[in-house]
There are 2 protein chains.
Amino acid sequence: MTKASETKEKLINAALKLISQKGYLGTTTREIARTAGVTELTLFRRFGSKQRLFEELLARHMFLPALRELLPGLGSLSYEEALRTVATRFLLSLKERKPMVKITHSEINLYPEKIRKVYLQFIDGTTVDLARYFQALQKKGLLRGFAPELAARAFMGMLFSYFRTEEIMKGAAITKKMMERDVGQFVDIFIHGTLRNGS
Amino acid sequence: MTKASETKEKLINAALKLISQKGYLGTTTREIARTAGVTELTLFRRFGSKQRLFEELLARHMFLPALRELLPGLGSLSYEEALRTVATRFLLSLKERKPMVKITHSEINLYPEKIRKVYLQFIDGTTVDLARYFQALQKKGLLRGFAPELAARAFMGMLFSYFRTEEIMKGAAITKKMMERDVGQFVDIFIHGTLRNGS
DNA sequence: TTATATAGTAAGCAATTACTTACATTATGA
DNA sequence: TCATAATGTAAGTAATTGCTTACTATATAA
């Protein structure tokens with residue numbers, strides 16, 4: 001039992017790596033098996049088909065919202081510190097899951113419903129959490145009366161595009177220094193806006 | 001001469017449509033030819049190979065910055081009206097080029113350099129133009145002293161993610177009403193920030 | 001020891017697919 | 001009218017690829 005699931009895990013990890021690099025159709029079962037260190041036959045014995053292997057990959061790496069466990073601790077921080085924490089955590093979380101993020105980008109055509117589910121669970125889930133945080137601060141009278149979900153989408157959206165441009169399109173890793181500096185700017189704009197005389 | 005280039009255009013348009021829907025590897029040359037209303041042989045006579053057809057597609061649809069021609073007229077608008085105009089134009093431009101946007105998402109693995117070039121020319125080009133606009137207003141003392149390029153990336157980033165989530169991931173078209181309402185919110189936050197007491 | 005689960009070797013099949021060759025047909029422009 | 005450019009028809013090739021079959025080998029647990 002253990003042996004079989006170890007083999008499955010090796011195959012799924014190999015598939016994750018290869019498919020994120022060359023796409024689902026561009027990756028062969030032979031290649032996945034070789035990368036996992038097993039025979040192609042073993043792949044079919046464990047998963048039955050390439051498609052089901054990919055579906056198990058999606059199910060296993062269907063990631064949870066990245067911030068849920070972060071939110072309770074946010075109350076003790078200043079608004080600015082809280083947003084910086086959220087932004088940093090979100091970007092690091094994207095970096096960790098970069099192969100999966102790439103797959104949601106490139107395979108949406110192939111498995112629209114499944115990929116959409118993976119994507120929305122991550123991005124939208126995270127956005128909902130952040131929106132709740134905004135709402136709480138609005139009730140305390142600290143924030144203006146904007147639409148919380150849309151503001152959350154705006155905040156995550158600028159971070160996500162930043163990640164996408166740097167890590168996926170330019171193919172360059174975001175360094176810690178870059179991240180600190182740029183997150184600081186994003187948070188500053190998000191908090192104070194761009195106009196000289198405040199609201 | 002004219003006949004030949006008409007045929008090429010039909011083939012490129014068919015390829016754009018199909019590849020944006022099913023990916024480069026998921027689209028066959030037979031299918032492209034059939035959709036274009038010609039024989040598969042004609043495709044190979046015009047382009048030599050599937051790869052070169054795709055490369056011509058990328059070259060032809062390598063889009064220019066979406067805002068360049070918009071910028072000169074921005075001076076006569078208020079800051080808020082200007083940003084709303086830029087945002088609306090940017091979103092409409094993304095909608096128009098949705099097949100190409102989808103291709104840049106899904107085929108980055110296959111043609112990293114070429115796709116990167118297409119992407120950066122559009123997004124980064126547009127961002128640079130917007131950054132110049134910010135810089136001009138900063139010199140006039142109207143805007144705070146933020147980093148103009150990063151602010152431009154933040155603004156475009158939230159719009160781009162908004163487009164991506166709605167049109168590509170959710171697969172639903174952004175209506176005019178949605179766009180007006182949401183662009184208004186984005187612009188408001190970008191201008192005034194989220195904090196109750198302005199800067 | 002022995003049954004069972006797991007994996008390997010080897011060979012191959014059937015379908016797909018990018019691409020080719022040979023030849024015939026039609027449209028266009030001088 | 002005639003040369004040429006452009007497209008079509010038909011058949012096929014070589015490579016790839018997901019998946020199968022038949023048989024063997026090894027490790028583990030009762």
Side-chain angles (χ1 to χ4, degrees), chain A residues 1-60 103 106-112 114-115, chain B residues 1-60 103 106-112 114-115:
Chain A
M1 300 291 180
T2 306
K3 199 79 185 294
S5 51
E6 274 174 24
T7 303
K8 285 182 89 171
E9 210 183 323
K10 282 193 290 182
L11 282 164
I12 286 185
N13 287 338
L16 176 70
K17 180 185 167 191
L18 291 172
I19 293 176
S20 77
Q21 285 169 359
K22 334 196 328 175
Y24 176 80
L25 293 176
T27 303
T28 69
T29 50
R30 297 205 210 299
E31 213 177 354
I32 295 171
R34 210 190 51 224
T35 303
V38 299
T39 323
E40 196 184 4
L41 177 55
T42 297
L43 184 157
F44 287 101
R45 277 200 276 238
R46 290 293 134 234
F47 294 99
S49 70
K50 185 187 181 186
Q51 188 171 143
R52 291 195 50 189
L53 162 58
F54 187 56
E55 285 166 7
E56 283 209 35
L57 185 164
L58 290 181
R60 180 156 323 187
I103 287 179
S106 54
E107 308 305 333
I108 179 78
N109 295 315
L110 218 56
Y111 288 83
K114 290 215 166 71
I115 299 263
Chain B
M1 300 289 181
T2 305
K3 200 78 186 296
S5 51
E6 273 174 24
T7 302
K8 286 182 89 172
E9 210 183 323
K10 282 193 291 181
L11 283 163
I12 286 185
N13 288 337
L16 176 69
K17 180 186 167 192
L18 291 171
I19 293 177
S20 78
Q21 284 169 0
K22 335 196 327 177
Y24 176 80
L25 292 175
T27 303
T28 69
T29 49
R30 294 204 214 301
E31 215 176 354
I32 295 171
R34 208 190 53 224
T35 303
V38 299
T39 323
E40 197 184 2
L41 176 55
T42 297
L43 183 157
F44 286 102
R45 277 200 276 238
R46 292 292 135 233
F47 294 99
S49 70
K50 185 187 181 185
Q51 188 171 144
R52 292 196 49 191
L53 162 57
F54 187 55
E55 284 165 9
E56 283 209 36
L57 186 165
L58 290 182
R60 181 157 324 189
I103 287 179
S106 55
E107 308 305 333
I108 178 79
N109 294 314
L110 218 57
Y111 288 82
K114 291 216 167 70
I115 300 264

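Both backbone and side-chain heavy atoms feed into the values below; hydrogens, waters and symmetry mates do not. Reminder, nothing fancy here: chain letters follow the sequence lines and each chain counts from 1.
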Do any side-chain atoms of residues 16-24 of chain A form donor-acceptor pairs under 3.5 angstrom with protein atoms, and if so which ones, sequence neighbours left out?
residue	atom	partner	partner atom	Å
A:S20	OG	A:L16	O	3.2
A:S20	OG	A:K17	O	2.9
A:K22	NZ	A:E31	OE2	2.6
A:Y24	OH	A:Q51	N	3.3

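Regarding B:E9, its CD atom lies at a distance of 13 Å from the P atom of D:dT7, rounded to whole Å. Separating the CD atom of B:E40 from the C1' atom of C:dT17 is a distance of 8 Å, rounded to the nearest angstrom. To the nearest angstrom, C1' of D:dG18 lies 16 Å from CZ of A:F47. Rounded to a whole Å, the CG atom of A:L11 is 14 Å from the P atom of C:dT6. One interatomic measurement links the two molecules: CZ of B:R46 to P of D:dA5, which rounds to 11 Å at whole-angstrom precision. For B:F44 and D:dA10, the CZ to C1' distance is 16 Å, given to the nearest whole Å. One interatomic measurement links the two molecules: CD of A:E6 to P of C:dT6, which rounds to 11 Å at whole-angstrom precision. When the P atom of C:dC19 is taken as reference, atom CZ of B:R52 falls 11 Å away, rounded to whole Å.
Side-chain nitrogen and oxygen atoms of B:K3 include none within less than 4.0 Å of the OP1 or OP2 phosphate oxygen of D:dA5. In this model, the phosphate group of C:dC19 is not approached by any side-chain N or O of B:R45 to a distance below 4.0 Å at OP1 or OP2.
Of all the heavy atoms in B:L43 and B:A33, the pair that sits closest is CD1-N, 4.3 Å. B:F47 and B:R52 make their closest contact through O-CB, 3.4 Å (heavy atoms, listed as atom of the first residue, atom of the second, distance).
With a 4.5 Å cut-off on side-chain heavy atoms, A:N13 and A:K10 do not count as touching. A heavy-atom distance below 4.5 Å is found between the side chains of A:I103 and A:F54.
The stretch residues 18-39 of chain A comes close to DNA chain D through A:T27, A:T28, A:T29, A:R30, each having a heavy atom under 4.0 Å from the strand.
Both B:Q51 and B:L41 lie near DNA chain C, and the one whose nearest nucleotide falls closer to the 5' end is B:Q51.
With sequence neighbours left out, the side chain to side chain contact (heavy atoms under 4.5 Å, CB included) criterion links B:R30 to B:T28, B:E40.
Nearest nucleotide to the side chain of A:K50, out of D:dG18, C:dA18, D:dT7: D:dG18.
When B:T7, B:L58, B:L53 are each tested for a side chain to side chain contact (heavy atoms under 4.5 Å, CB included) with B:I12, only one passes: B:L53.
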